[in-house]
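Note sheet for the following structure.
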Amino acid sequence: MSEINILSPHVADLIAAGEVVERPASVIKELMENAFDAGAHSVTVEMKDGGATYIRVADDGRGMAPEDAGIAFLRHATSKLHDEAGLEAIGTMGFRGEALAAISAVSEVELVTRRRGDESGTYMTLEAGDIREMRETGCPEGTSMVVRGVFFNTPARLKFLKSDRAEASACVQAALRCALGRPEISVRLIRDGKEEFFSPGDGKIDSAVYSLLGRELAKDMLPCAAQDGDISVRGFISSPSAGRGNRAAQFFYCNGRYIRSQLLQTALEQAYRNTLLVGRFPACVLYLELSTAAVDVNVHPAKTEVKFSQEKRIFDLVYHAALSALQDEDRIGLAASPAPRENSVPASVRAISAARPASRPDFYRSMSSEAFRARGYRVSGSGGERKPSGDSVLRSYDEPYQTRLDLTSVPSAPPIRPISTEMPEKGDKSQSKSVENSVQNVEKNAIPDYRLIGEALKLYILAEVGDELLLIDKHAAHERMIFDRLRAQDRSIMAQTLLESVTLHLTPGERELVEAHASLLAELGFELEPFGDEDYILRAVPADMASADARAAMEEILEKLHGGQSPDPQGARDEILHTVACKAAIKAGWDNDPLELQRVTEAVLSGKVRYCPHGRPVSASLSRRDLDKLFKRIL
Ligand code: ADP
Ligand code: MG
């Protein structure tokens with residue numbers, strides 16, 4: 001007797017089903033995608049408990065004819081793919097013809113569907129993949145599918161389901177991801193009889209973000225859009241001040257499909273380098289659109305992984321889109337758009353759109369009084385005792401100020417033009433938008449009228465700007481100014497020879513690091529020379545720094561290089577420049593000349609200096625309203 005046997009179709013179905021239906025959330029995803037593919041305008045999803053008991057997805061899409069309903073649940077039954085050539089360019093969410101087969105194989109399904117224009121519809125029930133009942137019925141156009149008892153016939157799977165709570169939250173996540181991917185489709189999720197979310201389906205990304213992710217997240221989002229030939233990206237990314245503890249709020253879509261992508265994640269996060277605190281992650285909702293032939297979605301049955309044929313172009317596009325959104329942080333905020341189904345938008349979320357005077361600086365928006373109070377500024381870099389070298393701030397302005405975020409200074413920037421953040425419109429509208437944006441950019445850097453009040457606690461600069469009291473952490477702001485200047489410099493950084501060279505006793509590991517980064521250190525102004533077997537002599541440091549800080553700076557740099565947080569050369573360069581900027585900046589406790597304070601204030605008011613290189617904000621503001629509230633003049 002042979003040992004090999006061919007599995008029965010039933011067992012084969014169960015095995016295949018496992019790949020598509022991992023948990024109840026997969027049922028929601030697959031049914032919603034089918035509704036989207038059917039051209040629905042509105043979709044209602046209902047679930048009970050953890051989803052395993054009851055899931056219903058109803059749409060107003062094109063529906064199915066009785067004969068199609070009869071075969072839709074067979075494996076490889078699909079209306080979306082006809083032949084091999086079709087695989088080259090998938091334009092629908094589904095195409096494998098597996099979902100209904102998989103779902104029905106492991107549950108009880110009830111289908112009610114009516115094709116658009118047909119007089120009557122079809123009612124059908126299935127159990128473990130077999131049709132139990134099928135008859136004509138009266139029903140609305142569209143499709144409604146109820147799935148009960150997921151995994152009722154596969155105890156092994158059932159055992160692996162988590163608590164109802166965990167499964168339910170996975171279901172909500174799955175529905176949210178789908179809904180967020182299609183701002184033009186209205187989605188309502190009802191969980192245990194209560195509405196969990198509702199998206200208006202007006203085609204606007206901002207209303208989708210607002211209604212699905214909530215006001216808290218939406219108010220900190222910046223519009224982001226760029227195009228490179230036939231590839232475009234648009235959406236929103238979070239302001240650096242709204243970094244999050246994990247990546248759960250990163251949503252990437254490719255042609256409407258939610259995807260996980262290391263490539264896109266890295267591109268996004270690189271744009272935040274030097275503005276986001278270590279260990280914090282940006283949030284985003286980004287829609288990548290590209291020709292269906294340039295992306296392969298047929299990598300895994302769940303289709304959340306894709307392969308791009310031009311990874312580099314896509315990486316660059318997303319990176320530069322994010323970078324320029326961060327640069328234009330002052331521009332139109334998401335909060336400016338009318339909030340769907342929510343009239344009581346608080347003042348902090350109010351319009352900061354085009355209606356706002358273009359010259360108002362960013363900090364107006366970036367910080368509420370709560371945020372200000374919540375922030376106990378701490379100053380890195382000890383110092384404190386040493387008197388400033390007198391003109392340290394003035395000196396850093398000897399060279400024209402250049403912002404790190406200047407797109408033109410980024411090598412190999414692809415041709416990118418800002419586009420509208422609305423859903424793409426074919427036509428020439430985007431052209432005029434981009435002109436509008438560039439005009440705003442120019443005006444943005446104008447410095448508003450201000451009055452320098454002075455300095456408090458030998459650290460915080462106080463200034464009055466319009467109706468607001470501006471507070472600036474002078475060290476953090478100056479640190480950013482120096483960092484940006486050094487970073488924008490493409491020639492070597494000017495070094496100063498130390499009058500008394502510093503002997504560094506290094507461990508073998510540290511010596512290796514110094515050797516590995518020798519040319520980088522030299523380029524940045526650190527002149528090191530081996531001395532004996534174990535020592536190095538530090539002969540010069542960057543001119544911006546005080547020589548007294550030479551040893552401490554070098555030790556800090558070695559520690560950072562050792563930590564190896566940034567293995568890439570640009571990262572290592574930035575780390576070193578952080579240290580130099582920190583050491584070179586004016587410090588808490590120093591007496592600074594009013595002219596120095598003025599320079600720092602103006603740099604902040606220009607909108608170019610917002611976060612210190614570690615990602616801490618450099619300024620905060622209190623409005624008259626905030627102050628009036630503080631003194632109970634108003635309630
Ligand atoms: P796929 O989506 O990969 O084609 P499915 O198993 O999910 O495979 O669905 C099989 C077929 O059933 C689809 O191709 C479609 O023709 C039909 N179908 C499924 N859901 C719907 C729906 N909500 N409205 C209309 N047709 C549907
Ligand atoms: Mg499908």
Side-chain angles (χ1 to χ4, degrees), residues 9 12-14 16-22 25-46 55-84 86-87 89-107 109-118 121-126 129 131 134 137 139-147 150 174-175 177-179 181-182 185-188 255-258 292 296-304 306:
D13 282 351
L14 285 180
E19 290 206 310
V20 181
V21 186
E22 241 178 283
S26 333
V27 174
I28 291 195
K29 169 185 175 284
E30 293 297 337
L31 295 186
M32 284 179 77
E33 290 189 350
N34 280 347
F36 293 172
D37 282 344
H41 300 293
S42 96
V43 178
T44 301
V45 182
E46 266 178 86
I55 287 171
R56 174 172 177 264
V57 176
D59 66 58
D60 58 356
R62 70 178 66 89
M64 282 179 264
E67 57 274 24
D68 283 337
I71 56 168
F73 293 85
L74 297 176
R75 253 173 96 195
H76 312 302
T78 179
S79 55
K80 302 165 195 174
L81 181 66
H82 294 282
D83 49 25
E84 194 183 322
L87 264 183
I90 304 288
T92 47
M93 307 293 274
F95 60 90
R96 298 169 63 114
E98 287 174 335
L100 294 188
I103 293 167
S104 64
V106 295
S107 67
V109 175
E110 191 182 308
L111 165 76
V112 179
T113 185
R114 186 176 132 208
R115 188 165 59 174
R116 275 186 200 145
D118 280 3
T122 306
Y123 172 89
M124 200 172 137
T125 58
L126 298 98
I131 298 179
M134 186 170 176
T137 188
C139 63
E141 286 179 344
T143 303
S144 156
M145 225 177 272
V146 175
V147 176
V150 177
R177 280 177 192 155
C178 286
R182 306 296 281 266
I185 301 173
S186 171
V187 177
R188 185 187 304 278
N255 294 339
R257 186 190 304 281
Y258 172 85
T292 48
D296 184 2
V297 292
N298 194 17
V299 180
H300 184 267
K303 295 168 285 191
T304 46
V306 297

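Just so you know, ligand 1 is whichever comes first in the structure, and atom 1 is the first atom listed for that ligand. Quick caveat: nothing in here was measured; it's all calculated off a predicted structure. Residues take their numbers from the sequence shown, with the count starting at 1.
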The one among Ala69, Ala35, Ala38 that brings a heavy atom closest to atom 25 (C) of ligand 1: Ala38

In terms of atom number and element, which parts of ligand 1 are under 4.0 angstrom from non-hydrogen atoms of Phe95? 1 (P), 3 (O)

What heavy-atom pair brings Gly121 and Cys139 nearest, and what distance separates the two atoms? CA-SG, 3.9 Å

Would you say the side-chain atoms of Arg257 pair up with the backbone N or O of Thr92, donor to acceptor, closer than 3.5 Å? yes

When rounded to the nearest 0.5 angstrom, what is the spacing between CG in Asp118 and CE in Met64? 12.0 Å

Which is it for Phe73 and ligand 1 at heavy atoms under 4.0 Å: side chain, backbone, both or neither? neither

With a cut-off of 2.8 Å, does Thr78 place any N/O/S atom under that distance from the Mg ion (ligand 2)? no

Measure across Ala72 and Leu100 and return the closest heavy-atom pair with its distance rounded to 0.1 Å. O-CB, 3.6 Å

Under 4.0 Å, heavy-atom basis, I'd like to know which part of Ala40 is in contact with ligand 1: side chain, backbone, both or neither. neither

I need the atoms of ligand 1 closer than 4.0 Å to a non-hydrogen atom of Gly97, numbered in the order shown. 1 (P), 3 (O), 6 (O), 8 (O)

Any N/O of Gly94 closer than 3.5 Å to an N/O of ligand 1? no

Just by distance, with hydrogens left out, do Arg96 and Thr78 show a side-chain donor and acceptor under 3.5 Å apart? no

From OG1 (Thr143) to CZ (Arg114), nearest 0.5 Å: 11.5 Å

Could you tell me the residue and atom name of the protein heavy atom closest to atom 2 (O) of ligand 1, and the distance to it rounded to 0.1 Å? Lys80 NZ, 2.6 Å

Counting each atom of ligand 1 from 1 as listed, which ones have a heavy atom of Thr78 under 4.0 Å away? 1 (P), 4 (O), 14 (O)

Considering only non-hydrogen protein atoms, determine which one is nearest to atom 11 (C) of ligand 1 and report residue, atom name and distance to 0.1 Å. Ala77 O, 3.9 Å

Residue, atom name and distance, where the atom is the protein heavy atom closest to atom 20 (N) of ligand 1: Asn34 CB, 3.3 Å

For atom 18 (N) of ligand 1, the protein heavy atom that lies nearest, with its residue and separation: Met64 CE, 3.7 Å

Minimum-distance pair of heavy atoms, taken over all atoms of Phe95 and Ile90: CD2-CG2, 3.4 Å

d(Glu98 CD, Asp13 CG) to nearest 0.5 Å is 10.5 Å

Considering both backbone and side-chain atoms of Arg62, is one of its nitrogen or oxygen atoms within less than 3.5 Å of a nitrogen or oxygen in ligand 1? no

Does Asp37, backbone or side chain, put an N or O under 3.5 Å from an N or O of ligand 1? no

List ligand 1 atoms under 4.0 Å from Thr143, heavy atoms only on the residue side. 22 (C), 23 (N), 24 (N), 25 (C)

Which ligand 1 atoms are under 4.0 Å away from a heavy-atom of Ala72? 10 (C), 12 (O)

Just verifying a value: how many Å separate Ile103 CD1 and Asn34 CG, rounded to the nearest 0.5 Å? 7.0 Å

Tightest non-hydrogen contact, residues Ala17 and Val106, listed as CB-CG1, 4.1 Å

Between atom CD of Glu30 and atom CE of Met145, what is the distance when rounded to the nearest 0.5 Å? 11.5 Å

Taking non-hydrogen atoms only, is Asp59 closer than 4.0 angstrom to ligand 1 via side chain, backbone, both or neither? side chain

Proximity to ligand 1 by part of Arg96, non-hydrogen separation under 4.0 Å: backbone

For Met32 and Ala179 the tightest heavy-atom approach is CE-N, 4.1 Å

Using a heavy-atom cut-off of under 4.0 Å, does the side chain or the backbone of Leu100 touch ligand 1, or both, or neither? both

Report the nearest protein non-hydrogen atom to atom 15 (C) of ligand 1: residue, atom name, distance rounded to 0.1 Å. Ser79 OG, 3.4 Å

